[in-house]
Amino acid sequence: MSDKQLSAISPQREEDFPEWYQQVIRAADLAENSEVRGCMVIKPWGYALWERMQAVLDRMFKETGHKNAYFPLFIPLSYLEKEAAHVEGFAKECAVVTHHRLEMKDGKLVPAGELAEPLVVRPTSETIIGAAYARWVKSWRDLPILLNQWANVVRWEMRPRLFLRTAEFLWQEGHTAHETREEAEAETMKMLRVYETFARDFLAVPVLTGEKSEGERFPGALRTYCIEAMVQDRKAIQAGTSHFLGQNFSKAAGIQFQGRDGAVQHAWTTSWGVSTRLIGTLIMAHSDDDGLVMPPRIAHTHVVIIPITPKEDSKAAVLKAAENLAKAIRATSFHGEPVAVDVDIRDLGGGVKSWEYIKKGVPLRMEIGPRDLAQGTAAVSRRDRPHKEKEFLPVADIPARVPAILDEIQSALLERATAFRESNSRKLDSKEDFYAFFTPANANKPEIHGGFALTHWNGSAAVEEQIKNDLKVTIRCIPFEESPEAGTCPFTGEPSKQRVIWAKSY
RNA sequence: CGGGGUGUAGCUUAGCUUGGUAGAGCGCCUGGUUUGGGACCAGGAGGUCGCAGGUUCGAAUCCUGUCGCCCCGACCA
């Protein structure tokens with residue numbers, strides 16, 4: 001099967017991207033759909049990625065002055081009603097608990113005790129955390145409150161996709177309350193920058209930062225900022241958001257305090273979050289037709305050593321050499337943490353094992369066999385290079401070289417993703433070019449097309465709505481970076497202050 | 001929730017029109033030969049054909065209902 005099959009994953013990206021995505025998840029053993037509609041089982045290999053993300057982000061949150069706390073899963077229905085825009089935004093996708101007891105009736109369990117007030121399973125926690133903050137805040141001296149919670153939330157989505165949109169998902173939600181508008185705005189931006197740094201330095205995913213248009217804003221927020229990534233089908237994915245909530249939620253929840261001047265006023269709040277969608281982003285950004293590719297800085301396993309033991313008489317020596325190599329590599333550190341090494345001693349063919357770790361995206365694979373033993377070498381293969389490529393390195397040199405190689409892989413992935421995004425981003429100045437850019441050549445079976453279009457825009461929600469209806473293209477963000485370049489909106493001919501980023505999105 | 005499609009072993013599926021209670025490939029298990037790029041040989045386990053009714057001597061196959069899933073639309077971290 002080796003030479004006939006061109007790649008480990010079928011179909012390939014070019015043939016059917018959504019199906020390829022599913023197959024990568026399956027081949028890498030990351031997760032599977034569960035018997036509960038829209039809910040996934042995250043398997044150990046996938047959950048370990050989430051744990052790595054948690055560990056890194058948690059440290060970054062702590063370094064920026066935040067602490068963790070935990071709030072209830074259930075939110076009284078009435079809390080959700082307090083902020084008008086918020087209700088409208090989330091009502092349709094809420095799971096509601098109306099009963100609290102089961103009784104056996106005719107051999108079947110039926111809900112018996114109806115709740116006086118229904119409880120909503122949190123789709124996000126602004127309201128219930130706001131209620132707590134209202135109790136905690138009395139004086140300007142109680143501010144700021146800088147908390148984060150790691151939690152699961154439920155949004156009854158119509159069309160679930162593993163990691164990208166599931167009914168239940170894991171995330172972190174930061175919720176802060178501040179004395180002044182300026183301080184809250186600064187917090188919103190600070191956390192956006194944390195996300196940007198995390199995506200770039202750990203996920204090797206370059207992201208655009210900017211503000212959401214009104215139509216894409218978080219329900220109840222004054223401003224929503226986002227990090228947007230381009231994945232390999234050239235669509236955009238929102239990888240994280242940071243919201244400046246103004247005083248909307250503090251007014252709804254009654255977060256009031258007496259200020260330095262003695263006047264009673266409402267706090268200024270923010271919220272910000274990233275979810276297990278980051279895993280989906282990671283998959284679509286880096287993986288190839290052979291499966292998952294884990295950037296080393298987010299990989300839970302950096303190196304896998306595969307002992308090749310064809311002969312019984314040399315087997316013990318090979319296994320021992322493999323263990324010794326693993327031990328020596330574990331003693332080195334990669335960005336301050338020990339390099340994570342696995343030795344796979346299962347009784348399987350070397351080829352089978354190699355392919356398994358290619359599919360699972362381990363950055364470095366090493367094979368060590370009797371011939372290597374004689375020569376004092378091991379075969380080293382990098383996941384960012386073609387799978388046939390292997391380099392025989394002296395075993396004695398390997399441990400010292402591993403961190404540097406991991407760094408090379410990390411930068412190679414970031415460079416590749418950045419180049420991909422750049423080559424699929426266009427400044428467009430006419431409506432015709434814009435529509436052509438987002439129209440596939442084959443409408444029945446659309447090929448991978450489009451990308452990021454940077455165009456002027458008159459700021460009108462009607463234009464955005466029209467384009468969304470015509471092409472399913474939306475404004476992903478109004479970038480900060482773009483130096484204000486006055487121009488003309490190609491859709492209306494009206495003046496525009498700057499270009500915005502358009503794309504099809506997940 | 002609206003439009004279309006589909007349901008046979010863990011996965012992919014043949015059989016259905018023209019009823020006679022299931023066959024394959026992959027995967028899995030055992031033994032042997034293998035192992036440096038997805039091995040081979042031999043043997044084996046696994047399905048009451050989504051579910052519930054109906055027609056019939058007899059239903060995977062025909063009829064009715066129901067549920068799940070997939071695709072398109074509205075929603076979305």
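Chain letters run A, B, ... following the sequence lines, proteins first, then strands; residues in each count from 1.
B/A77 has its base stacked against the ring of A/Phe169, the centroids being under 5.5 angstrom apart at an interplanar angle below 30°.
Taking the P atom of each, B/U18 and B/C62 are spaced 9 Å apart, rounded to whole Å.
No engagement by A/Arg346 is indicated, since no non-hydrogen atom pair under 4.0 Å with the nucleic acid exists. Residue contacts shown for A/Gly351 are limited to sugar-phosphate atoms, with no base heavy atom under 4.0 Å away. Residue A/Lys315 is out of contact with every strand shown, counting any heavy-atom pair closer than 4.0 Å. At a threshold of 4.0 angstrom between heavy atoms, the contacts of A/Leu278 with the nucleic acid are absent. Residue contacts for A/Ile306: at a heavy-atom cut-off of 4.0 Å it reaches no nucleic acid atom on any strand shown. Counting any heavy atom pair closer than 4.0 Å across all strands shown, A/Ser271 reaches no nucleic acid atom. If you check every strand for non-hydrogen atoms under 4.0 Å, A/Ala379 touches a base. A/Gly369 comes within 4.0 angstrom of a nucleotide base, judged by non-hydrogen atoms across all strands.
Remark: A/Lys212 is not in phosphate contact with B/A77, judged by side-chain N or O atoms under 4.0 Å from OP1 or OP2.
Of the nucleotides present, B/A39 is the one that pairs with B/U33 by Watson-Crick or G-U wobble criteria, both distances under 3.5 Å. Taking a pair to require two hydrogen-bonding distances under 3.5 Å in either a Watson-Crick or a G-U wobble arrangement, B/G68 pairs with B/U6. If you check B/C75 for Watson-Crick or wobble pairing at under 3.5 angstrom, you find it has no partner at all. Across all strands shown, B/A60 remains unpaired; no Watson-Crick or G-U wobble contact has both distances below 3.5 Å.
Judged purely by distance below 3.5 Å, without hydrogens or angles, the side chains of A/His449 and A/Lys504 pair a donor atom with an acceptor atom.
Projected onto RNA chain B by closest heavy-atom contact, A/Arg165 and A/Gly38 fall at different nucleotides, the more 5' of which corresponds to A/Gly38. The residue among A/Gly89 and A/Ile308 whose nearest nucleotide of RNA chain B is located toward the 5' end is A/Ile308.
Shown are A/Ile128, A/Thr124, A/Val120; of these, the side-chain contact (heavy atoms from CB on, under 4.5 Å) with A/Leu80 is made only by A/Val120.
In this model, a side-chain donor or acceptor of A/Lys390 finds a partner on the base of B/G37 within 3.5 Å.
Below 30°, between 30° and 60°, or above 60°: for A/Trp20 and A/Phe17 the angle between ring planes is between 30° and 60°, a tilted geometry.
Annotation: side chain of A/Thr241 is not in contact with side chain of A/Trp272 (no heavy-atom distance under 4.5 Å).
With rounding to whole Å, A/Arg383 atom CZ is found 14 Å from B/G37 atom C1'.
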With a cut-off of 3.5 Å and sequence neighbours excluded, list every side-chain donor-acceptor pair involving residues 87-96 of chain A.
none

